[in-house]
Amino acid sequence: MMHVAFLLLIVFTDGASSKKVCSYQDVVDYLNLTTDNSVFKLTRPVLDYKHSTMVELDILLYAILAVMWNNERISWDPAQFCGITHISVPREMLWTPDLFIYEMIQKDDSPHNPYMYVSYDGTITFEEDVKVVSTCKMDVHKFPFDTQRCNITIGSAIHCVNEMRLLPSSNSSRATQFSREMMKSQGEWEFLQLSITSYNFTFNDRQWENLIYTFTMKRRPLLHVINFLLPILFFLSLDLASYFIADHRGEKLGFKVTVLLAISVLLLILNDILPSMSNKTPLIATYCIVIFALMLLSLLETILVTYLMEKDSVSREELRLRDKQEKVKIDNCNAECDGEKQHELLPVAEEVNNSIQPRESHVLLLILEELKELQTTLNLHFRCRQEVGKSGHWATKINRAFFIFYVTTVSLFLTLIFIEWNT
Ligand SMILES: *[C@@H]1O[C@H](CO)[C@@H](O)[C@H](O)[C@H]1NC(C)=O
Ligand SMILES: *[C@@H]1O[C@H](CO)[C@@H](O)[C@H](O)[C@H]1NC(C)=O
Ligand SMILES: *[C@@H]1O[C@H](CO)[C@@H](O)[C@H](O)[C@H]1NC(C)=O
Ligand SMILES: *[C@@H]1O[C@H](CO)[C@@H](O)[C@H](O)[C@H]1NC(C)=O
């Protein structure tokens with residue numbers, strides 16, 4: 001129903017107007033613009049060759065190229081053609097500036113806009129979406145807290161500066177604002193600004209005018225911080241905490257090796273996420289290497305301490321063995337002495353036989369023996385303790401000194417590297 005009413009309305013207005021009817025073709029005919037008319041295609045559209053063609057262009061992020069220039073051969077009076085001020089013609093029909101992007105490394109295969117707008121005063125406008133895959137020298141020193149600047153340089157291949165001038169149609173602040181509005185999702189990168197500079201490129205006494213669009217963007221570091229920097233810090237604190245694990249025969253050693261292995265796995269991830277092109281060592285690599293080295297050092301220290309402890313317990317074992325042998329000797333001696341004593345004691349015993357019972361004397365001898373044994377054990381114990389003091393004492397000392405060194409180095413290093421990352 002709505003549709004029909006709409007059609008009727010058109011018929012009505014058409015019928016009511018008795019004005020002159022014009023079509024775009026009238027304009028095209030007037031201009032003598034035909035596909036085989038080489039006047040419009042072959043040469044730069046100036047009537048006097050000394051005129052230069054002003055090409056205004058605009059790049060918005062996502063590379064929308066808006067180019068505008070003047071064709072001196074084209075002009076008509078809109079009043080003659082019912083007020084037609086614009087026609088659109090296929091791009092092949094008219095001359096177009098030969099702009100190209102220096103940094104582009106891949107042929108743009110996105111669909112081209114086949115038409116251009118021609119204005120009555122000869123201004124020709126054409127807009128195009130260009131997908132630019134460009135080279136950009138990246139500085140990953142501060143990865144993942146880095147800011148990158150990439151240039152897109154636009155210039156003409158053959159037209160020199162006196163034939164063709166390139167002018168930016170909007171200034172840097174406006175282009176930045178436009179691009180911000182255009183960008184909905186920015187992915188890993190946060191767009192900061194777009195600045196435009198003009199530059200004359202000289203070669204063989206000829207000058208070409210280039211426009212350089214510099215995109216500044218900042219990486220969003222959160223993902224890398226969560227995925228990489230924090231886990232390494234966690235493992236480092238685990239390694240620090242392992243100081244408080246009691247030194248029982250390699251338990252600590254096993255723990256530290258496990259933590260070191262975990263860090264190695266994280267280093268493999270780094271290999272994937274770090275862009276490989278860089279002259280300066282990226283800070284993140286320094287971060288990893290130094291933390292890895294510190295943990296390695298701590299592992300080595302634990303090995304040393306474990307070795308000292310082991311040596312200590314071995315010497316203790318040896319001592320015990322020796323003491324056992326000595327004890328055996330003493331026992332033997334005791335046995336021999338007992339024999340002699342028995343011989344010596346016999347007459348005395350006989351003498352005291354009258355006053356002391358033989359059973360009582362036997363008990364006394366037993367007590368004496370017990371006392372002797374007690375004395376040797378005490379001796380052994382005493383010597384043993386002295387020995388523990390020597391090796392084990394060193395181990396404890398080294399442990400404590402290393403812990404202090406470790407904590408100081410780690411806090412100093414982390415402070416330094418975060419300051420460096422921040423500036
Ligand atoms: C178009 O061609 C005709 C005849 O060839 C000529 O008279 C006319 O001036 C031309 N129009 C323009 C705009 O050059
Ligand atoms: C980008 O262009 C500016 C201005 O000419 C220049 O200073 C800078 O070195 C260029 N950057 C790169 C990465 O080429
Ligand atoms: C940039 O252009 C806008 C309008 O196009 C203008 O208002 C603004 O002042 C210009 N900024 C500078 C720095 O020239
Ligand atoms: C480039 O050369 C043109 C013409 O000589 C001049 O007007 C323009 O200022 C120059 N641009 C720069 C950036 O030097």
Side-chain angles (χ1 to χ4, degrees), residues 44-46 48-70 72 97-106 108 119 123 125 127 130-183 186 188-219 274-283 423:
R44 200 157 56 80
V46 284
D48 177 354
Y49 82 98
K50 283 180 189 137
H51 290 181
S52 53
T53 310
M54 303 289 188
V55 178
E56 281 188 26
L57 57 101
D58 227 357
I59 283 189
L60 303 177
L61 207 62
Y62 287 134
I64 291 172
L65 205 64
V67 192
M68 216 161 84
W69 70 93
N70 196 60
E72 295 180 1
D98 54 336
L99 296 179
F100 78 104
I101 296 174
Y102 283 57
E103 285 87 0
M104 201 142 126
I105 51 166
Q106 227 178 56
D108 176 32
S119 180
T123 308
T125 317
E127 280 180 25
V130 189
K131 190 181 79 189
V132 180
V133 180
S134 78
T135 55
C136 180
K137 202 176 154 204
M138 291 176 100
D139 179 11
V140 291
H141 179 61
K142 284 187 179 173
F143 178 89
F145 302 99
D146 52 340
T147 302
Q148 301 293 347
R149 278 165 210 283
C150 289
N151 282 354
I152 286 189
T153 312
I154 292 193
S156 164
I158 59 161
H159 293 292
C160 304
V161 69
N162 48 357
E163 290 174 350
M164 199 164 105
R165 300 286 315 270
L166 291 180
L167 311 163
S169 44
S170 45
N171 56 28
S172 297
S173 56
R174 206 169 139 69
T176 304
Q177 195 199 336
F178 262 155
S179 296
R180 280 234 181 87
E181 282 166 9
M182 302 269 305
M183 288 185 95
Q186 306 186 1
E188 195 191 344
W189 296 93
E190 183 188 349
F191 170 75
L192 291 185
Q193 75 157 342
L194 174 60
S195 68
I196 308 160
T197 44
S198 182
Y199 162 76
N200 281 349
F201 168 71
T202 314
F203 180 71
N204 268 357
D205 292 337
R206 273 157 50 105
Q207 278 196 330
W208 286 265
E209 190 163 38
N210 291 337
L211 281 185
I212 302 176
Y213 286 80
T214 307
F215 295 90
T216 312
M217 48 202 176
K218 193 170 181 292
R219 194 191 299 272
L274 191 67
S276 55
M277 48 205 178
S278 186
N279 307 345
K280 253 162 117 186
T281 324
L283 278 178
T423 50

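Both ligands and their constituent atoms are indexed starting at 1 by order of listing. Just so you know, these numbers use all the heavy atoms, side chains as well, and skip hydrogens, waters and symmetry mates.
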For D58, give me all partners under side chain to side chain contact (heavy atoms under 4.5 Å, CB included), at least two apart in sequence or on another chain. A66, S169, S170

Under a 4.0 Å threshold between the charged nitrogen and the carboxylate oxygen, would E209 count as salt-bridged to R165? yes

Would you mind checking if D108 and K131 are paired as a salt bridge, meaning a charged N to carboxylate O distance below 4.0 Å? no

Please output the residues near ligand 2 using a strict heavy-atom distance under 4.0 Å, listed in chain and residue-number order. N151, I212

R165: numbered ligand 4 atoms lying under 4.0 Å from its heavy atoms: 7 (O)

So the atoms of ligand 4 within less than 4.0 Å of a heavy atom of V161 turn out to be 2 (O), 3 (C), 4 (C)

Donor on one side chain, acceptor on other, T53 and E163, under 3.5 Å: no

Return the CG to CD1 distance between N210 and I154, rounded to the nearest 0.5 Å. 9.5 Å

Taking the six-membered ring for Trp and the full ring for Phe, Tyr or His, determine whether the centres of F100 and Y102 are under 6.0 Å apart. yes

More than 12 heavy atoms from other groups under 6.0 Å of CZ on R44: yes

Return yes when atom CG of D205 has more than 12 non-hydrogen atoms of other residues, nucleotides or ligands closer than 6.0 Å, and no otherwise. no

Strictly under 4.0 Å, does any heavy atom of S170 approach an atom of ligand 3? no

Which ligand 3 atoms, with their elements, are less than 4.0 angstrom from a heavy-atom of S173? 1 (C), 11 (N)

